[in-house]
Protein chains: 2
Amino acid sequence: MERPEDGGCAGRARDREATRQRILDSARELFTSEGYAQVSSRRIAAHAGVNVALINRYFGAKRGLLAEVIAEEAAFPGIVEGGREGLPRRLAEHLVHRTLAGGTPLARALEHSAGDPDLKSVHEERLKNAMIGPLAEVIGGPEARARAALAASVILGVGLVRRIEGAAALQELDPDRLVDRLASVISACLAESAPGQAHSGSGRGRG
Amino acid sequence: MERPEDGGCAGRARDREATRQRILDSARELFTSEGYAQVSSRRIAAHAGVNVALINRYFGAKRGLLAEVIAEEAAFPGIVEGGREGLPRRLAEHLVHRTLAGGTPLARALEHSAGDPDLKSVHEERLKNAMIGPLAEVIGGPEARARAALAASVILGVGLVRRIEGAAALQELDPDRLVDRLASVISACLAESAPGQAHSGSGRGRG
DNA sequence: CTTGACAAGTCAACAGTGTTTACTTATACC
DNA sequence: GGTATAAGTAAACACTGTTGACTTGTCAAG
């Protein structure tokens, strides 16, 4: 069915798969460098050298293009695989290193569009399947999903704040200290029993 | 200068301030109930019964309209005023109660558009002046802004996750337990010294 | 090789967005 | 009453995502 090679010929042959992939590659490149909302369908098409209508033909809508792009990459590559021991620290290190270095561009594409209502379902699936799900499975125990959701909140929140205010405040802390701190924060999220409150909370008046 | 009353007359007189306020009221109502991106300039204008061009005349752009709307409301009403003692718990309670009950609609408008690049400057100002700033002032100590930014990350992150996945996972915990947990998480953010890591972090290899 | 079918690709339009410009009109002062 | 000035308006601009009708390349059957 498929042509064996579509190689480098100038006026390339009609090849569904190759065209699809070409669109996907352009979308990933542009989304990750400029963000979802910034890049128009027509620009993706032009970058890929194909017609605009093909985006909707192959991916339903622009939304579907992002969904396919982010489905390709793991949220926590090689982190949950390490097991429960030291998980908070590994998450913290991952977060800090991609926070301070700009890190995985895909995360940026997601943070760019975190609140976009058009992408709610895309983000919902991503959050559940790639973050809360794996995390909950690793930590186990009661209310695992709630604890995982809390950790995911911290991870997304830090990324969001970094994107909004340029990490100016966060960079007051040097990376190592920030990792320490985030590790303890994430530990508090994932812990099975809610620990007695830290030194700053002596005034708890609840019954 | 201004007309003393523009009252209820049908074809109302030309009154700059009244028109401005009318637009602002419509924007607040629509933004908070449907979100920034959902509501078009033309719809706001129609709801206010004014011409579309007046939005840009009075607020520069749609962005300016949101900026003015969110400038009207405090981020943590009556929370930082309570001082350092019990601050994490008050923040946690505020967050949970507005999370579970839908809470202040303005926060929703913000979460709706958290990642919108067009609103970056608006969110930046809001984050710095209404969240990190007051928080840092209350907690004091070294790297106060960094610690405050961390707490703000948690607060924004939880709101974001709630909005994305409908709080399904977070609601595994009953509200009181969630408050406990969040209070300890926020305490970990605000603490002056990064505490020794909790029970799950025995594998720390730094130092 | 010719024919025909079907999928791949194209074009132009639609309805919508935020924004701007030129314009009309009502008001307030002289 | 006349007029400057501001308030309000209408129409357009350039752009967005999306759709349906159309053309064209390719492959299989006759």
Side-chain angles (χ1 to χ4, degrees), chain A residues 1-6 9-24 26-27 30-31 34-68 113 116-122, chain B residues 1-7 9-24 26-27 30-31 34-68 112-113 116-122:
Chain A
M1 294 297 182
E2 299 89 12
R3 51 182 40 253
E5 289 290 333
D6 72 322
C9 65
R12 64 185 185 283
R14 295 185 164 189
D15 185 331
R16 182 185 177 92
E17 276 317 304
T19 303
R20 236 189 87 100
Q21 196 58 47
R22 184 184 293 262
I23 295 173
L24 216 48
S26 294
L30 293 173
F31 282 168
E34 305 187 31
Y36 175 80
Q38 259 54 40
V39 181
S40 72
S41 301
R42 283 174 176 82
R43 211 142 84 72
I44 298 171
H47 187 275
V50 306
N51 192 278
V52 205
L54 293 185
I55 290 180
N56 288 48
R57 174 189 282 281
Y58 288 142
F59 301 94
K62 193 190 173 192
R63 182 195 310 112
L65 199 41
L66 180 73
E68 194 131 340
S113 59
D116 192 328
D118 183 50
L119 300 174
K120 189 172 176 297
S121 61
V122 173
Chain B
M1 295 297 181
E2 299 89 13
R3 54 181 37 254
E5 289 290 331
D6 71 320
C9 66
R12 67 185 182 283
R14 294 184 164 190
D15 184 332
R16 182 186 177 91
E17 276 317 305
T19 303
R20 237 189 87 98
Q21 196 57 48
R22 185 185 290 263
I23 295 172
L24 216 46
S26 294
L30 294 172
F31 283 168
E34 305 186 32
Y36 176 80
Q38 260 55 39
V39 182
S40 72
S41 301
R42 282 174 177 81
R43 210 143 84 72
I44 297 171
H47 187 275
V50 305
N51 191 278
V52 206
L54 293 184
I55 290 181
N56 288 50
R57 172 188 284 280
Y58 288 143
F59 301 94
K62 192 190 173 192
R63 181 195 312 112
L65 200 40
L66 181 73
E68 195 131 340
H112 280 162
S113 59
D116 193 325
D118 184 49
L119 300 174
K120 189 172 176 298
S121 61
V122 172

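Since the structure is predicted, the reported quantities are computational estimates derived from the model, not experimental observations.
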Exercise for the section: Select from B:Asn51 and A:Lys62 the residue whose nearest nucleotide in DNA chain D is closer to the 5' end of that strand. Expected result: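 Whichever sits nearer the 5' end wins; that is B:Asn51.
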Rounded to whole Å, how long is the line connecting atom [atom1] of [X] with atom [atom2] of [N]?
| X | N | atom1 | atom2 | result |
| --- | --- | --- | --- | --- |
| A:Arg63 | D:dT18 | CZ | P | 7 Å |
| A:Arg42 | C:dC11 | CZ | C1' | 11 Å |
| B:Arg16 | D:dG8 | CZ | P | 9 Å |
| B:Ile55 | C:dT20 | CD1 | C1' | 14 Å |
| B:Ile23 | C:dT19 | CD1 | C1' | 14 Å |
| A:Leu66 | D:dT18 | CG | P | 12 Å |
| A:Phe59 | D:dG17 | CZ | P | 15 Å |

Practice task
Taking only the side-chain nitrogens and oxygens of B:Arg14, find out if one of them lies under 4.0 Å from OP1 or OP2 of C:dA26.
Solution key: no
Problem - C:dG9 OP1/OP2 closer than 4.0 Å to side-chain N/O of A:Thr19 - result: yes
Can you figure out which of [options] approaches the side chain of [X] most closely?
| X | options | value |
| --- | --- | --- |
| A:Ser41 | D:dT18, C:dT17, C:dC11 | D:dT18 |
| B:Val52 | C:dT17, D:dG8, C:dT19 | C:dT19 |
| A:Asn56 | D:dT18, C:dC11, D:dA12 | D:dT18 |
| B:Arg57 | C:dT19, D:dT18, D:dA7 | D:dA7 |
| B:Ala53 | D:dA7, C:dT21, D:dG17 | C:dT21 |
| A:Tyr58 | D:dG17, C:dA8, C:dT25 | C:dA8 |

Practice task
Identify the heavy atoms of A:Ser40 and A:Lys62 that sit nearest to each other, and give their distance.
Solution key: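 Looking at all heavy atoms of both residues, the closest pair is CA-NZ, 4.5 Å.
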Problem - Comparing A:Leu54 and B:Gln38 on DNA chain C - which has the more 5′ nearest nucleotide - result: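 Nearer the 5' end of the strand: A:Leu54.
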Completion exercise
From the list A:Val50, A:Ile23, A:Leu24, side chain to side chain contact (heavy atoms under 4.5 Å, CB included) partner of A:Tyr58 resolves to A:Ile23
